[in-house]
Amino acid sequence: MAIDKQFNKYKSLLERYSLTNYGDDEVNYANRPIAFLDLAADEQSKLVEYCTQSFIHRVSPNHNWSSYGLKHFFENEEPNSFYVLNGQFKGAMLIAGFFPVATETLNWFYCISQKSPALVQHNKLIVKRV
């Protein structure tokens, strides 16, 4: 398990948010935020930086995009990206300061603005494809 010193201080936060019981098998481990620590140090940094720069906080929850959908923005629309598990994305969002609306669901929703750079970029790409 690769733990970058920069994010080691967040281990207890990731563990606390990983307590939701999705099951004990490998597939369900992939949905736990603690899986973030399995990324290489440079991948951890890149993913957290992406979350920090790509999303803007707002007061109310945005139910248009879940953690699973948002992770695809990173994977498919960010240059030099890489595949991430749902749990790894959840962990990066926690470290970036985006806390889920409800942790009992498999895919998390956040209080993020529709004006967030990642969402605006995604909408522009959709319009381009049409």
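This chain uses plain numbering: 1 for the first residue, then up along the sequence.
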Partners of Gln121 by side-chain hydrogen bond (donor to acceptor under 3.5 Å, both in side chains), sequence neighbours excluded?
none
Set of side-chain hydrogen bond (donor to acceptor under 3.5 Å, both in side chains) partners for Asn64, sequence neighbours left out:
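Once residues adjacent in sequence are excluded, the partners of Asn64 under the side-chain hydrogen bond (donor to acceptor under 3.5 Å, both in side chains) criterion are Asn62, Gln114.
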Apart from Val120 itself, members of its ILVMFWY cluster (side-chain separation under 4.5 Å) are none
Linking Ile, Leu, Val, Met, Phe, Trp and Tyr through side-chain heavy atoms less than 4.5 Å apart, which residues share a cluster with Leu85?
Tyr83
So [Y] and [X], do their side chains get closer than 4.5 Å, heavy atoms only?
{"X": "Phe89", "Y": "Leu70", "result": "yes"}
{"X": "Leu47", "Y": "Ile95", "result": "no"}
{"X": "Tyr29", "Y": "Asp38", "result": "yes"}
{"X": "Tyr50", "Y": "Pro117", "result": "no"}
{"X": "Asn86", "Y": "Arg32", "result": "no"}

Find the distance between NZ (Lys124) and CD (Glu77) and round it off to the nearest 0.5 Å.
12.0 Å
Separation between OG (Ser67) and CD (Gln88), nearest 0.5 Å, reads 12.0 Å
Could you note down all residue pairs passing salt bridge (charged side-chain N to carboxylate O under 4.0 Å, His left out) where residues 43-66 supplies at least one of them, sequence neighbours left out?
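As it turns out, there is no salt bridge (charged side-chain N to carboxylate O under 4.0 Å, His left out) pair with a partner in residues 43-66 once direct neighbours are skipped.
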So, do Phe82 and Phe74 have ring centers that fall under 6.0 Å from each other?
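Aromatic pair counts; centres sit under 6.0 Å.
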I want to know whether Phe73 and Trp65 have ring centres closer than 6.0 Å.
yes
For Phe109, give me all partners under ring-ring contact (aromatic ring centres under 6.0 Å, His included), at least two apart in sequence or on another chain.
His63
Does Phe98 have any ring-ring contact (aromatic ring centres under 6.0 Å, His included) partners at least two apart in sequence or in another chain, and if so, which?
His57
Please give me the minimum heavy-atom distance between [X] and [Y], naming the atom from each residue.
{"X": "Lys90", "Y": "Leu106", "answer": "NZ-O, 2.5 Å"}
{"X": "Thr52", "Y": "Ala96", "answer": "OG1-CB, 3.6 Å"}
{"X": "Thr103", "Y": "Pro100", "answer": "CG2-CG, 3.5 Å"}

Single-linkage hydrophobic cluster Phe99~Tyr110, side-chain heavy atoms < 4.5 angstrom
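Yes, Phe99 connects to Tyr110 through the hydrophobic network.
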Do Tyr68 and Phe36 share a hydrophobic cluster, counting only Ile, Leu, Val, Met, Phe, Trp and Tyr and linking them when any side-chain heavy atoms are less than 4.5 Å apart?
no
Can you name the residues that form a salt bridge (charged side-chain N to carboxylate O under 4.0 Å, His left out) with Glu75, not counting sequence neighbours?
Lys71
For Asp42, is there any backbone N or O sitting under 3.5 Å from a side-chain donor or acceptor partner on Ser45?
no
Ser116: what forms a side chain to side chain contact (heavy atoms under 4.5 Å, CB included) with it, not counting sequence neighbours?
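Expected list: Phe55, Ile56, Ile112, Ser113, Leu119.
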